[in-house]
Amino acid sequence: MNKEADGNELMAICKRRGFIWPSFELYGGVAGMFDYGPLGCTMKNNILEVWRDIYKGREGFVEIDSETVNPAEVFKASGHVDEFSDYMTYCTQCQLPFRADHLVKNFCENPDTMSPAELEGAFSEFGIKCPECGGDLGKVEEFNLMFKTTIGPGSARVGYLRPETAQGIFVNFQNLYRYNREKLPLGVIQTGRGYRNEISPRQGMIRMREFNMMEVELFVDPHDKGWSRFPEVEDEELVLVPNTGTDTVVKTVGQAVEEGIIANRVLAYFVCTTKQLLLRLGIDADRLRFRQHLKDEMAHYAADCWDAEVLLSYGWTEITGIADRGCWDLSRHSQFSGSDLSHFDRFDEPKEMTFMKVQANHRMLGPAFKGKAKDIAAALEAKTPEDVRDGKIVLNISGEDIVLTSEYFEVKEVTEKVTGERVVPHVIEPSHGLDRIFYSLLEHSYFYDEKREYSVLRLRPEVAPIKVGVFPLMEKDGLDVLAKEIYDKVHSTMTEAYYDGSGTIGKRYARMDEIGTPWCITVDYESLEGPDKGTVTIRERDTGDQKRIPADKAAETVRNLVGGLGFSDL
RNA sequence: GCGACCGUAGUCCAGUGGUUAGGACGGAUGCUUCCCAAGCCUCUGACCCGGGUUCGAAUCCCGGCGGUCGCACCA
């Protein structure tokens, strides 16, 4: 066993010590589902708090919490219903799976609109066989990566469990925009579960059917993709794998933008923010890189996308994606809902704008069209000079084509004072897979200590579920009384402590090392009498070094250490 | 979804038709002034589920569920 984590040994610790448990083991288990045990739950919360500290604390973004079950309309607009739903068939002979609509492509007009029965009909009508072995094709089945359900009794209202939390933010854009007093940039964060009905989940916690996300949606002015704090990170280095090749390059954030490797400053800033977050959590810098999505790899909504990848026992694995989703989401929701989801971009000073405009001639329209004149005039003025053909404009008013000749309108130059324009905000999305980050931290902090002959999790104090073990050297002679007093003072939901008086002292240290507890406090006989009366020892996990500190300062000391104070500065 | 392999205490392994399923580690308890998984006592705890064959099944057969790996699928 070496420094690189052995996935099995690590998973054994996780299961044994209560980080994660495969779900429903009592009933045989379900692949791709895991429960967080007490230690895992605490550690997961700690990761969330660090993420919140950066996005809500440092950047001042706002947090919401939206529904996990969404009506179908949401995912029709987002594109997930179409993109995540395929008709599949299997060859009855060689069992290979095929997209049913692809097989009938050469025979039918609109294969993607056909029902399963129509597709099966087409197989027999056109004699379509398995392209691999020529065998008969089986039944056509819909395979959708989203979990489907119904909302309310009956099956009238179709709903889906969200495959990402992002849509909850997009559908609340108007509320959030007003909350932010109609200003951009507008940063919104949300954490919660997403669901994908994976065909065959593998790789443990890496591909889960129900998973936790920490998503950030930053709405920016499409004309301004800068970021005010950009200068702070300009000189920080990033390990990048651009999609122009397969080479890894090291560039500063500033260089990456200047050389056009990363599309814009705001995207680059959040690539860098992601690096800061991951390193602060305890990802090994040598096993972290940012890889740009290939053009054909990009999700249907993404304009540019960088993945934070970490090296795990499974290979390079995506744990965070930072995407520029452009105006896709808001445009689509605007189109499907009929609501205006734009931002009014006020110019610094109003512009005098001169342009050609179609103006209705009300004097002629009124007598000619009577009651319809008002609608016609409005429709007419919505047209542009380019709509004039052969001196005429054709309008369609409630299904009726109306041809207007030039006496009913005038194309003239007008000068207007324009104070701003409506734009659909672009979205920068750093989306973090919480479970994947959680697992990566365990792998990167896993260390087999040759001297001690057991495994140690070198977790950063901020994420370690238990901050300090509190032990009496022996559970008698009043040592246990003092140790329990100290435990009571130190232990809180933010600074979890663990009292242990059983077995030998070495065994207790080992137990704490194995779950990543950074420090242990031990009450010994010197604590009770002699020159060191009133002091206790505190031991550092990674070095085994010990110092004596006053017992009544234990709680304060632990808080300071968690806050970043060095052990050697005690 | 297909194929191969696999399924025994919390964990790792033994048992391959026949008494009460055995060990190690772990966990609990007690003793020893016990600072790095020390020793000793005692205790705890398992044959994935269902059916079949058999006098008798953890063991053989069938089915299911689950796992690992490969293929396929997927971010």
Rounded distance (Å) that lies between atom [atom2] of [N] and atom [atom1] of [X]:
X        : N     : atom1 : atom2 : result
A/His293 : B/C74 : NE2   : C1'   : 13 Å
A/Glu25  : B/G7  : CD    : P     : 17 Å
A/Glu318 : B/C74 : CD    : P     : 16 Å
A/Asp477 : B/C31 : CG    : P     : 11 Å
A/His80  : B/C74 : NE2   : P     : 15 Å

Please list, for nucleotides 64-68 of chain B, all pairs of protein and nucleotide N/O atoms separated by less than 3.5 Å.
unit_1	atom_1	unit_2	atom_2	d
B/G66	O4'	A/Gly28	O	3.3
B/G66	O2'	A/Gly28	O	3.4
B/G67	OP1	A/Ala31	N	3.1

Q | For A/Tyr499, all residues meeting ring-ring contact (aromatic ring centres under 6.0 Å, His included), sequence neighbours excluded | A |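 ring-ring contact (aromatic ring centres under 6.0 Å, His included) list for A/Tyr499, sorted by chain: empty.
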Q: Measure up the A/Trp51 and A/Tyr55 rings against each other and bin them: parallel (under 30°), tilted (30 to 60°), perpendicular (over 60°).
A: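 Judged by the thresholds at 30° and 60°, the geometry between A/Trp51 and A/Tyr55 is tilted.
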Q | Heavy-atom protein contacts under 4.0 Å, nucleotides 34-45 of chain B, coded B base, S sugar-phosphate only, - none | A | BBBBB-------
Q. What residues, two or more places apart in sequence or in another chain, satisfy side chain to side chain donor-acceptor pair (under 3.5 Å) together with A/Ser440?
A.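 Not a single residue meets the side chain to side chain donor-acceptor pair (under 3.5 Å) criterion with A/Ser440.
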Q.
Test of understanding: with side chain to side chain donor-acceptor pair (under 3.5 Å), list the residues that count as partners of A/Tyr314, not counting sequence neighbours.
A.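 Side chain to side chain donor-acceptor pair (under 3.5 Å) check on A/Tyr314 returns nothing, list empty.
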Q | From A/His80, A/Arg162, A/Glu67, residue fulfilling side-chain contact (heavy atoms from CB on, under 4.5 Å) relative to A/Gln167 | A |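 It is A/His80, the one option of A/His80, A/Arg162, A/Glu67 that forms the side-chain contact (heavy atoms from CB on, under 4.5 Å) with A/Gln167.
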Q | Single hit among A/Arg193, A/Met214, A/Glu215 for side-chain contact (heavy atoms from CB on, under 4.5 Å) with A/Leu434 | A |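 Of all the options given, the one that passes is A/Met214.
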Q | side-chain contact (heavy atoms from CB on, under 4.5 Å) against A/Ala510, all qualifying residues, sequence neighbours excluded | A |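 A/Ala510: side-chain contact (heavy atoms from CB on, under 4.5 Å) contacts with A/Tyr454.
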